[in-house]
Colleague: 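Let me begin by handing over the structure; questions about it come next.
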Amino acid sequence: MEEIQLFLAHAIQLEREAASRYDELQAMMQSAGNKEVAAFFADMARFARRHLEEAMQRGGFREIPQMHWSEFRWPSGVSPEAAAWEGVDALMDVQSALLLALDGEDRSRSFYSQVRDATQDPDVRRFAAEFAEEEAGHVEALHHWIERQHAGR
Ligand code: ZN
């Protein structure tokens, strides 16, 4: 696998996990009766799926690339999303759900920026930079929602 494809395979995995995390968070907020935050999480799931699509197209993958976990090269051994998932529970309140989502976005952002800074491949760098920037936007959006919750609005 070429470096760009290897990178995109990581991005695909990360965004898949992000999308399903947001699906779960969305369902939790829905059942907790918080429609506003549920709708926000639904948007975030859509963004993750859009990223996933982009990475699939760019990598020329017709199907999700099947990789053994040992082929992945995550900075800390597990995918950033999987790391963020530790500590989830079904009775999570809004604040904890937002903090969990923030943690996932923050880890994704730092994964993409680490790739951007480490790679020698200009295509990988361009993509990783673009994705890192979008993740930074998601981190910002989450900070905004967390502040709103604090302010009780
Ligand atoms: Zn994101």
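We're numbering straight along the sequence, starting at 1. For ligands, and for the atoms within them, numbers begin at 1 and follow the listed sequence. Basis for what follows: all heavy atoms, side chains included, without hydrogens, waters or symmetry-related copies.
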Colleague: Kindly indicate whether the side chain of Phe40, heavy atoms from C-beta on, has any atom under 4.5 Å from the side chain of Leu98.
Modeller: yes
Colleague: Could you check whether Asp117 pairs with Arg125 (Lys NZ or Arg NE/NH1/NH2 to Asp/Glu carboxylate O, under 4.0 Å)?
Modeller: no
Colleague: What protein atoms of element N, O or S are positioned under 2.8 Å from the Zn ion (ligand 1)?
Modeller: Glu105 OE1, Glu135 OE1, His138 ND1
Colleague: Does the Ser20 side chain pair with the main chain of Glu17, one donor and one acceptor, at a distance under 3.5 Å?
Modeller: yes
Colleague: Please determine, by modelled atom types, if Glu53 and Gln57 share a side-chain donor-acceptor pair under 3.5 angstrom.
Modeller: no
Colleague: Looking at CZ of Arg46 and OH of Tyr22, how far apart are the two atoms once the value is rounded to the nearest 0.5 Å?
Modeller: 13.0 Å
Colleague: Between CZ of Phe61 and CD of Gln5, what distance do you get to the nearest 0.5 Å?
Modeller: 4.5 Å
